[in-house]
Structures are given as C-alpha cells and as structure tokens.
Amino acid sequence: LERLMLSLAEKVLAGDTRAAARLITLLEDGSPEALAGLDALYSHTGKAHIVGITGAAGSGKSTLAASLTGCFRRQGKSVGIIAIDPTSALTGGAILGDRIRMQGHSCDDGVFIRSLATRGWAGGLARAALGAVCVMDAMGKDVVLVETVGSGQVELDIFRAADTTLAVVTPGAGDDIQMMKAGILEVVDIFVVNKADKEGADILKAGLEDMLRAAERHKDEWLPPVILTEAVADRGTEALAGVVTGHRDYLAATGGIEHRRRERTRLEILENLAGITGDAVNEIKTNAAFDKMVAGVLESGASPRRAAAELVAVLAANLSRRKNS
Ligand SMILES: Nc1nc2c(ncn2[C@@H]2O[C@H](COP(=O)(O)OP(=O)(O)OP(=O)(O)O)[C@@H](O)[C@H]2O)c(=O)[nH]1
Ligand SMILES: [Mg+2]
C-alpha cells in the first residue's frame, strides 16, 4: 500500500489528473497511507497561487470561480478548484461541477475540480482540504481556487490559509456582511459585489469602501478593493482576475507571501497534530485495557487526571515508535 501511495505521488508530480483525484479521495476518507503519500509532495509545492473564495450560500461563488477560471485559462494558466461542502441543494446553487460544465471547462485538461464534502467529520476537513491544495500545487496548477461557505471555524481556518482571499457579497442580502463569521472581515483581501445586475450593488460597494477606508491601516498596507461583478454573464471578472494577480504581486513585493505560507504551514502542522492525537485517543477508547483502567480508577479512588497523564506517556511512546507511518 505504501508503495502504491508513492507511485500515486509520483504520478501526481507528473500532472496525472486521475492519480490526483484518487489521492484526494483517499485523503477525504482519512486514509493514513494517503496522508503519508502526501509527504513526498510538499517539497514540490509553493508555486501555486492559492485563492480562497467565501461568501453566503447562493452568493455566486461557484459561478465566479468558473468565470475566473475562464480568465486565467485565457492567460495560459492552469487552474485547480476545490469546493468545500457543496450542500447547494438547499440554496438552489448548482454544485460547482455543474457550473464548470456549463461554462465549458470540463473537457479542458488545464482545469481540475474537486469537491470535498463535510460529511459530519469536521475534524478531518481542514486536513483533507489542505492536503487537496498540496496535491493541486504539486501537480503544477498555477492557480488553486478554494470555495467555502464562510460559516464555520474550520472554513475560516481554510480560508485564512490562502494567499489571496475573496469575500463575495450580493445586493439585497443586506446582512451578508453581518452574517460573516467574526474574523473573516479582517482577513479579506478583495471584496466582490456579485450580482451587480441587481439593484443596490453600487450602494453596497460604496458602503463597503467607506467601511474599509475607516479601518486603520499602515501607509503601505493593502487596501482591499471592492469589485463589481456579474459572474453569470462574465462581467467584471476579467478585471477581478487582474486584481487577484495584482494582490499576489503585492505579496511578492512586500514579503507578505512568506507570512501567508508560514500561517498555512502552522495550520497544517496543528491540523495534523490534532489528527494524529485524535486517532490515538480514539484507539485508546476502544481498547479493552482502557475499560480495565476505568474500573481500576473507580475502585482505588485514584485521580482520573493521573490516569490520563499515564495514558499520555503511553501514547507518546506508541507514537514515536510509529513515527514514520
Ligand atoms: N442575477 C445574477 N445571478 C447570479 C450571478 N452570479 C450567480 N448568479 C446565480 O446565483 C445562483 C447561485 O450561484 P452559485 O454560483 O451556485 O452560488 P454559490 O455561492 O456557489 O452557492 P453555494 O455553493 O450553494 O453556496 C445561481 O442561480 C446563479 O446563476 C449574477 O452575477 N447575477
Ligand atoms: Mg457553490
């Protein structure tokens, strides 16, 4: 199995889409071998521009991602798209794959799309999402778009891990901005007022600009622009693509890119730590020896905290023995 993962990783590095899809599916299933298979890829990452797209359900994130994909493709860039939790049936939003198909990107070798379902295992989602980003970067995608509905903590974490972050708001959905999870506004690099064909788009844009200008920032700090788009008609998205690239250039010129990469690495280490220790704790829980320990603690009146500390010592020993798996 380990050898299979290595050969999968090799194929990913050669740009093999089917191998990449297979590896991401295994990651999504939480396969430990797949997580190990990723190890070989990291030294080949760092070239992709990772762009987070968040916004309320139905605000047009997928449509926007599809339209932006067209813009980047015309510039000769390859694109990877990761959609987190396409629970769109509820909102009438088409799932990302359908949008992309409608825009005619599905037969394009330069575009690779994957959806990751949350499936109630929030614990592993960030790890799988970051792993999928790594796979797409390693397979040579120039731009990786990551779509999330900005509601949960995990999504906020994933969003923050991007190089460039886009928040999509729409006119008429007045509380869009209030509904955004606390902490999102501070990390948004570009605001997109989508559905600019609807009434109130200009007012929303002006309101956002006032809010952004009022916020204190340093002289050279990036002032998030507010871009009007009508994604469904590919209007404004060419300009948006230019601003997205411009933000990356800004990061490169100011050293901001290293800062973002450090944040991402930090998150990825912590997510993996949580994953490894979480798995280990689950293993203990289902072990018969643990039941015996519980009985022993109960009987002797020993401290549960001390029992836990003993288990941590055992865990540490077990984990270091398995360090390479
Ligand atoms: N009028 C108008 N409708 C748009 C525009 N962009 C997208 N839509 C429509 O808005 C609906 C939702 O679009 P999606 O792209 O699926 O939105 P989403 O944010 O990805 O939705 P979820 O993934 O469910 O959160 C679709 O019916 C789109 O056709 C736009 O610029 N103008
Ligand atoms: Mg969507």
Side-chain angles (χ1 to χ4, degrees), residues 1-53 62 65-84 86 95-117 126-148 158 161-164 241 244-245 248-249 251-252 257 260-261 264-265 268 272:
L1 201 53
E2 214 165 285
R3 225 172 323 130
L4 174 73
M5 288 305 150
L6 274 179
S7 84
L8 263 188
E10 256 162 43
K11 285 181 185 157
V12 167
L13 287 175
D16 183 331
T17 306
R18 283 178 58 195
R22 174 106 189 87
L23 185 53
I24 293 174
T25 300
L26 289 165
L27 286 175
E28 199 180 16
D29 292 340
S31 149
E33 290 83 10
L35 287 162
L38 270 186
D39 295 347
L41 296 182
Y42 281 91
S43 60
H44 300 273
T45 61
K47 287 203 298 288
H49 183 191
I50 299 160
V51 180
I53 304 178
S62 297
S67 184
L68 280 174
T69 296
C71 299
F72 289 125
R73 290 301 292 140
R74 283 192 288 280
Q75 298 171 10
K77 292 176 179 165
S78 58
V79 181
I81 311 176
I82 301 164
I84 315 281
I95 63 166
L96 181 69
D98 294 342
R99 288 265 155 236
I100 297 288
R101 264 186 292 283
M102 278 193 268
Q103 308 258 349
H105 298 308
S106 61
C107 308
D108 180 351
D109 280 345
V111 180
F112 180 49
I113 310 157
R114 271 307 302 249
S115 296
L116 296 179
R127 189 157 55 144
L130 292 166
V133 167
C134 166
V135 169
M136 292 202 179
D137 190 343
M139 74 190 286
K141 293 289 169 258
D142 297 309
V143 181
V144 178
L145 305 173
V146 185
E147 174 187 339
T148 60
I158 296 168
D163 298 320
T164 299
V244 168
T245 305
R248 159 120 173 172
D249 295 342
L251 288 180
I257 205 102
R260 304 276 170 130
R261 296 275 147 91
R264 186 156 62 242
T265 301
E268 209 154 358
N272 277 284

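Note: hydrogens, waters and symmetry copies are ignored here, and every other heavy atom, side chains too, is used. We count residues from 1, following the sequence as given.
- Screening residues 8-26 for side-chain hydrogen bond (donor to acceptor under 3.5 Å, both in side chains) gives T25-R114 as the qualifying pairs, with residues at least two apart or on separate chains.
- Counting heavy atoms from C-beta on, the side chains of L8 and L26 come closer than 4.5 Å.
- Distance CG/L130 to CG/N272: 8.5 Å, rounded to 0.5 Å.
- The distance from the OG1 atom of T69 to the CD1 atom of I113 is 7.5 Å, given to the nearest 0.5 Å.
- Between V144 and D137, the shortest heavy-atom contact is CG2-N, 4.4 Å.
- Rounded to the nearest 0.5 Å, atoms OG1 (T45) and CE (M136) are 14.0 Å apart.
- Atom CG of L27 sits about 5.5 Å away from atom CG of L35, to the nearest 0.5 Å.
- Across all their heavy atoms, A40 and L6 have their closest contact at CB-CD2, 4.5 Å.
- Annotation for I84 and A129: closest pair CD1-CB, 3.7 Å, computed over non-hydrogen atoms.
- One distance of note links CD1 of I24 with CG of L116; it measures 7.0 Å at 0.5 Å rounding.
- Here the shortest heavy-atom pairing between C71 and A241 reads CB-CB, 3.8 Å.
- R261 places a side-chain N or O within donor-acceptor distance of the main-chain N or O of G46, the cut-off being under 3.5 Å.
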Quiz item: Which is it for V143 and L68 under the side-chain contact (heavy atoms from CB on, under 4.5 Å) test, yes or no, and what are the steps along the way?
Solution: CA-CA 10 Å; V143 181; L68 280 174; over 6 Å; no
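- None of T164, D163, D142, T245 except one satisfies the side chain to side chain donor-acceptor pair (under 3.5 Å) rule with H49; the exception is T164.
- K141 and S78 make their closest contact through CA-OG, 3.3 Å (heavy atoms, listed as atom of the first residue, atom of the second, distance).
- Here I50 contributes atom CD1 and R264 contributes atom CZ; the two are 3.5 Å apart, rounded to the nearest 0.5 Å.
- Here the shortest heavy-atom pairing between E147 and S62 reads OE1-OG, 2.6 Å.
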